[in-house]
*Asks:* 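This is the structure I have questions about; it appears just below.
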Protein chains: 2
Amino acid sequence: MPLSPDEPALAAVVPAVGRPVSVQDAIRRDIIAGVLTPGARVTETSLAQRYDVSRVPVREALRGLESEGFIDSRPHVGSRVAPIPVHDADDLFAVREALEVSTARSAARRAAALYSGDESPEDWWRIRREIAALLDAGDAHVAADDLDPLVAINDQIHIGIAELSGSATMTRLLRQLSWKIEWLYAADVQPRGKRLWPEHRVIVGAIDAGDGERAAALMAAHVRESRIGYLLRYGVTTPSSDPVVAAAVEERRPADG
Amino acid sequence: MPLSPDEPALAAVVPAVGRPVSVQDAIRRDIIAGVLTPGARVTETSLAQRYDVSRVPVREALRGLESEGFIDSRPHVGSRVAPIPVHDADDLFAVREALEVSTARSAARRAAALYSGDESPEDWWRIRREIAALLDAGDAHVAADDLDPLVAINDQIHIGIAELSGSATMTRLLRQLSWKIEWLYAADVQPRGKRLWPEHRVIVGAIDAGDGERAAALMAAHVRESRIGYLLRYGVTTPSSDPVVAAAVEERRPADG
DNA sequence: AGAGGAGTGATTGTATGCAATCGTCCCTGT
DNA sequence: ACAGGGACGATTGCATACAATCACTCCTCT
């Protein structure tokens with residue numbers, strides 16, 4: 001697996017978190033962190049005071065958050081933090097499966113085309129190197145039993161795979177969803193991703209090998225396993241929309257916590 | 001296929017076009033209609049004058065359009081109408097395939113659950129009736145050889161199927177994409193959807209029958225065929241990211257126009 | 001002649017103030 | 001006591017005005 005054909009090692013692990021936080025980022029962060037609880041009523045004025053800005057940037061931020069699904073807004077009435085998305089969890093996982101299976105397959109195909117010289121994507125190697133760094137960082141956190149950062153790293157890896165697939169649209173959609181995913185996991189203090197973590201390296205391996213179908217199958221299993229684990233942990237009563245997932249949940253429920 | 005278990009016939013064919021157009025809708029409409037051509041430079045001030053509003057609503061609209069992919073904006077420099085998305089077409093179709101295969105499968109499963117009495121979704125019948133109306137309307141347009149409205153009707157049907165699937169997330173994402181799809185097709189005055197049109201009724205039939213895998217397979221073939229047709233018509237030179245599609249395009253290219 | 005830097009113009013980003021709209025409460029009439 | 005209507009308060013929607021930032025040009029120095 002030759003990772004760096006031209007440039008030197010390069011650190012660049014920090015996954016774009018250091019931006020000069022916009023109001024939208026600040027509010028989203030507070031929602032994900034639980035400072036602004038779901039169902040809480042928020043007015044433009046109160047938020048403006050809270051973040052010490054005018055109402056105008058708050059307005060823009062609310063519009064953006066609304067389209068991301070974090071805010072429910074009604075004209076002339078007010079806005080609320082969207083109800084906790086646990087109900088949407090199964091839905092969200094279904095979308096992830098649909099999208100990410102496709103990105104994994106495409107990424108592997110592009111890798112194959114790359115090796116055969118048919119294509120030379122401009123920044124394929126840069127992204128691939130970032131993923132490698134993220135995998136290493138995740139391994140370190142797992143080894144240190146410091147699992148909290150794994151949520152963000154996990155998202156970054158999945159977005160990175162989407163970037164490798166070369167589909168700007170999928171990347172954009174997945175980025176939207178990733179925030180909600182983080183929100184879902186944020187409620188879970190100790191993510192059980194430790195068991196699933198090693199799967200990432202296997203998936204990336206299949207991509208490197210250029211085996212599209214294997215990458216797709218591995219990704220499908222990965223997302224599905226994550227979905228089952230989530231539904232089990234939260235004891236969601238309504239069955240999953242995917243019969244296979246629903247059956248697995250039902251089967252494992254008594255054995256689990 | 002019993003369509004109306006409780007309510008009477010109901011017209012409601014008009015697919016939500018009559019809203020009091022916001023600035024964002026107005027700009028998007030002009031982009032899709034070609035009034036604002038891709039690459040054109042647009043400033044907040046010029047748009048404000050154009051639509052006779054202040055810069056504030058224009059700002060919000062631009063933010064929204066940016067997240068929809070219609071506008072490329074650089075801070076302190078200006079905004080441009082995003083370059084013509086023909087290059088993204090293949091990408092867009094790939095996403096559609098990933099999402100819509102999933103929605104078709106889920107919709108069929110819900111139909112099966114509905115018939116067996118396991119579930120009673122609140123507005124399943126309403127949506128199903130709207131789809132029926134859309135199918136009829138499309139048939140009428142095809143019969144009259146008036147193919148222009150088919151683009152919008154087509155989008156509405158696909159969104160309706162997503163709604164039947166019960167996945168709010170998929171519906172939201174698909175709705176975002178549908179605008180871009182319309183943009184793509186708008187360049188094509190005479191959409192060649194006439195040949196593909198009857199497939200919709202077959203897909204809906206599979207959903208009604210509760211046959212998830214068949215619905216999924218039909219939808220996959222439908223989107224793929226549409227994709228091939230598009231790439232052929234526009235003579236896109238770069239091969240599709242899907243090898244099957246790329247091969248089909250290559251095979252049919254000489255025979256076609 | 002070329003490179004560097006300051007000035008200028010254009011554009012975005014933000015704040016404040018006012019108008020429009022909607023929900024709610026109280027008051028009145030029956 | 002209850003229903004209906006009007007007024008008030010709260011909140012959003014919008015316009016104007018100003019500040020900050022960036023790109024570009026021209027001027028100067030080497």
Side-chain angles (χ1 to χ4, degrees), chain A residues 16-31 35-84 172 175-176 179, chain B residues 16-31 35-84 172 175-176 179:
Chain A
V17 186
R19 285 188 309 176
V21 283
S22 69
V23 176
Q24 182 166 342
D25 292 334
I27 298 177
R28 191 193 306 112
R29 177 190 302 274
D30 281 348
I31 292 177
V35 181
L36 294 172
T37 60
R41 190 138 175 282
V42 289
T43 67
E44 296 179 358
T45 309
S46 67
L47 289 175
Q49 291 176 349
R50 192 177 202 288
Y51 297 98
D52 196 38
V53 288
S54 158
R55 269 181 50 222
V56 177
V58 171
R59 272 184 72 79
E60 292 187 5
L62 283 179
R63 286 296 127 77
L65 293 169
E66 197 180 352
S67 81
E68 290 174 10
F70 282 98
I71 292 286
D72 286 342
S73 186
R74 284 193 313 171
H76 295 285
V77 176
S79 303
R80 318 183 74 90
V81 178
I84 198 148
R172 189 162 55 83
R175 211 180 286 272
Q176 282 183 25
W179 285 320
Chain B
V17 186
R19 286 188 309 176
V21 283
S22 68
V23 176
Q24 183 167 342
D25 292 334
I27 298 177
R28 190 194 305 112
R29 176 189 303 272
D30 281 348
I31 292 178
V35 182
L36 294 173
T37 61
R41 189 137 176 283
V42 289
T43 66
E44 296 179 356
T45 309
S46 67
L47 289 175
Q49 290 176 349
R50 192 177 204 287
Y51 297 98
D52 196 38
V53 288
S54 160
R55 268 183 50 223
V56 177
V58 171
R59 271 184 73 79
E60 293 186 5
L62 283 179
R63 287 295 129 79
L65 293 169
E66 197 180 351
S67 81
E68 289 173 10
F70 283 97
I71 292 287
D72 285 343
S73 186
R74 284 194 312 171
H76 296 283
V77 177
S79 303
R80 318 183 75 91
V81 178
I84 198 146
R172 189 161 55 82
R175 210 179 287 271
Q176 283 184 25
W179 284 320

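Worth saying up front: this structure is predicted, and the values here are computed from it rather than measured. Residue numbers start from 1 in every chain, and the chains themselves are labelled A, B, ... in the order their sequence lines are given, proteins ahead of strands.
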*Asks:* To the nearest Å, give me how far apart CZ (A/Arg55) and P (C/dG13) are.
*Replies:* 19 Å
*Asks:* For the pair made of CD in A/Gln24 and P in C/dT14, what is the distance, rounded to whole Å?
*Replies:* 12 Å
*Asks:* Picking from B/Gln24, B/Arg63, B/Arg175, what satisfies side-chain hydrogen bond (donor to acceptor under 3.5 Å, both in side chains) with B/Glu68?
*Replies:* B/Gln24
*Asks:* Quick one: does A/Arg74 reach the base of C/dG23 with a side-chain donor-acceptor pair under 3.5 Å?
*Replies:* no
*Asks:* Look up atom CG in A/Asp30 and atom CZ in A/Phe70, then write down how far apart they are to the nearest 0.5 Å.
*Replies:* 12.0 Å
*Asks:* Mapping B/Val42 and B/Val56 onto DNA chain C by nearest heavy atom, which one lands closer to the 5' end?
*Replies:* B/Val42
*Asks:* May I have the distance from A/His76 (atom NE2) to D/dT12 (atom C1'), rounded to whole angstrom?
*Replies:* 5 Å
*Asks:* Please figure out whether B/Thr45 or A/Asp52 has its closest DNA chain C nucleotide nearer the 5' end.
*Replies:* B/Thr45
*Asks:* Can you tell me the distance, in whole Å, between the CZ atom of B/Arg80 and the C1' atom of C/dT12?
*Replies:* 16 Å
*Asks:* Rounded to the nearest 0.5 Å, what separation is found between the CG atom of B/Asp72 and the CZ atom of B/Arg41?
*Replies:* 13.5 Å
*Asks:* A/Arg59 side chain: which of C/dA15, D/dT12, C/dT14 is closest?
*Replies:* D/dT12
*Asks:* Compare the minimum distances between each of D/dC14, C/dT21, C/dG23 and the side chain of A/Val77, then state the nucleotide with the smallest one.
*Replies:* C/dG23
*Asks:* In whole angstrom, what separates A/Glu44's CD from C/dT14's C1'?
*Replies:* 14 Å
*Asks:* Over all heavy atoms of both residues, which pair between A/Val23 and A/Ala61 is shortest? Give the atoms and the distance, please.
*Replies:* CG1-CB, 3.9 Å
*Asks:* Can you tell me how far C1' of C/dT12 sits from CD of B/Glu66, to the nearest Å?
*Replies:* 12 Å
*Asks:* How is B/Arg63 classified with respect to the nucleic acid when contacts are heavy atoms under 4.0 Å: base, sugar-phosphate, or nothing?
*Replies:* sugar-phosphate
*Asks:* Between B/Glu60 (CD) and C/dT12 (P), how many Å, whole number?
*Replies:* 15 Å
*Asks:* Report the distance from atom CG of A/Leu62 to atom OG of A/Ser79, rounding to the nearest 0.5 Å.
*Replies:* 5.0 Å
*Asks:* Between atom CD in A/Gln49 and atom C1' in D/dA10, what is the gap in whole Å?
*Replies:* 14 Å
*Asks:* Side chain of A/Ser54: nearest nucleotide among C/dA20, C/dT16, C/dT12?
*Replies:* C/dT16
